There are 2 protein chains.
Amino acid sequence: MAKTASKSRPSARAVDTRRALTDAAKEILRFEGFSAATARNIAARAGCNQGLVFYHFGSVMNLLLAALDDVSSERRERYSAALAEVRRPSDLVELAARIFQEDLDNGDAALLVEMIAGASSTPGLGTEVMARVAPWTDFAENALKSVVDDSPMAAIVPPGEIAHAIVALYLGLELLSHLDGDRQAALGIFKRASQLASFADLIIGSPPALEDEGKDQP
Amino acid sequence: MAKTASKSRPSARAVDTRRALTDAAKEILRFEGFSAATARNIAARAGCNQGLVFYHFGSVMNLLLAALDDVSSERRERYSAALAEVRRPSDLVELAARIFQEDLDNGDAALLVEMIAGASSTPGLGTEVMARVAPWTDFAENALKSVVDDSPMAAIVPPGEIAHAIVALYLGLELLSHLDGDRQAALGIFKRASQLASFADLIIGSPPALEDEGKDQP
DNA sequence: GTCTATACTTGGATAGAC
DNA sequence: GTCTATCCAAGTATAGAC
């Protein structure tokens, strides 16, 4: 019932404040974790008053979800264009590696993990987070389908199942690399995956370029 | 410096209390998550006074680490015997599937994930948790080595790297299945892995029984 | 819309009676 | 060793001045 100040379009200053708060929330989640994401802590980093969290978002939980929404749409914009360029399995693995490395470096992966793990502690947060993670899994699934299509591979490698595993691997690698501060171990996994993807290219019979689907494999 | 009441061996009652507290801590971490693991909350579930957390463990953080230690050694006992029986890759995958399913059901996986993710919020907790996670990765690595040994597989599949990926997958699957309450998706991954493991059996030339290493592959 | 001030709750931690 | 009582810091959330 009733967000905040009904409908009159928000002033520029209000937009700035909301933005400062969501940005601060992101940083706290990334660097200090879920249980440090308090109204006071976030407002302090945003350089504004603690009460504004409740004025603009109603509750800390809503602010955290707004921050997650923010990250999700940023990511969506960044990567859905890249997905359109993917043709061969090795393209896909390369894209996955790029996504993972970027998310690892800028802290988006950490943020997501904190929200998922933190959801256990706050009743009602779980379903909200779930709704925001589903698109990520769907993204991975669509990516796989676009590459595996109806090739013989789809039988041994059901895209839905693999997508689930990829996302899980992504989250788990983030957990571990965040814990021991070692990016390299995680990145090594994707390096290895790139090698294996070359095999998959052969099995599927990689189309050499974008508009050449009339041709058959050699 | 100085744990608690120096050295005289603790009374039976004290042992009971410590145990009640670690047990309660485990349950809170499993079912309510890291940021619900407070001294008051834990003591309430243990049926004793909040002050006893500090008398016996000095701080909440120490209690949580004691709980994690507890789980780690339980697991160690349960699974290291089983590892000795592993010969073929498919044995290993079967063991991994069993471990994962049990940890998923009894909440050990959830507990570990909460501790890792929660470590971001508490300075100093990270290194302590890391020290307790390392044995799990080592376990996976040794398991892989015992099966892959110096077969041709070790070249394409470096045990250390794969062990890291397996543990990451384990943690990530827990995160996802805890979030959406769906065990099946996670268990399906291991089902699929079992199928693939049969191939690996062939490549390595599985020894048919325990004491038959004199024989060569057919 | 933003700030100050405040009410109220919960959490970590200690002192002292038993 | 355990409990009661208590201190103090930090949390959510709201009211009211500006």
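Because the structure is predicted, anything quoted here is derived from the model rather than measured. Per chain, numbering begins at 1; letters A, B, ... match sequence-line order.
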ring-ring contact (aromatic ring centres under 6.0 Å, His included) contacts touching residues 65-102 of chain A (sequence neighbours left out): Phe100(A)-Tyr170(A), Phe100(A)-Phe190(A)
Salt-bridge contact Glu161(A)-Lys191(B) (side-chain N to carboxylate O under 4.0 Å): no
Angle by which the axis turns from one end of the helix from dG1(C)-dC18(D) to dC18(C)-dG1(D) to the other, five pairs per end, to 10 degrees: 0°
Enclosure of Arg19(B) CZ (heavy-atom neighbours >12, cutoff 6.0 Å): no
Close side-chain approach of Arg132(A) to Met115(A), heavy-atom, < 4.5 Å: no
Spacing between Phe57(A) atom CZ and dG1(C) atom P, to the nearest angstrom: 12 Å
Distance, nearest 0.5 Å, that separates CG of Leu171(A) from CD of Glu174(B): 11.5 Å
Nucleic acid footprint by protein, nucleotides 3-14 of chain C - heavy-atom cut-off 4.0 Å, B for base, S for sugar-phosphate alone: SB------BBBB
Carboxylate-amine/guanidinium contact Arg98(A) Glu94(A), below 4.0 Å: no
Lys/Arg-Asp/Glu bridge criterion (N-O < 4.0 Å) met for Lys26(A), Asp23(A): yes
Arg88(A) and Asp91(A) ion-paired at < 4.0 Å: yes
Whole-Å gap separating P (dG11(D)) and CD1 (Ile28(A)): 10 Å
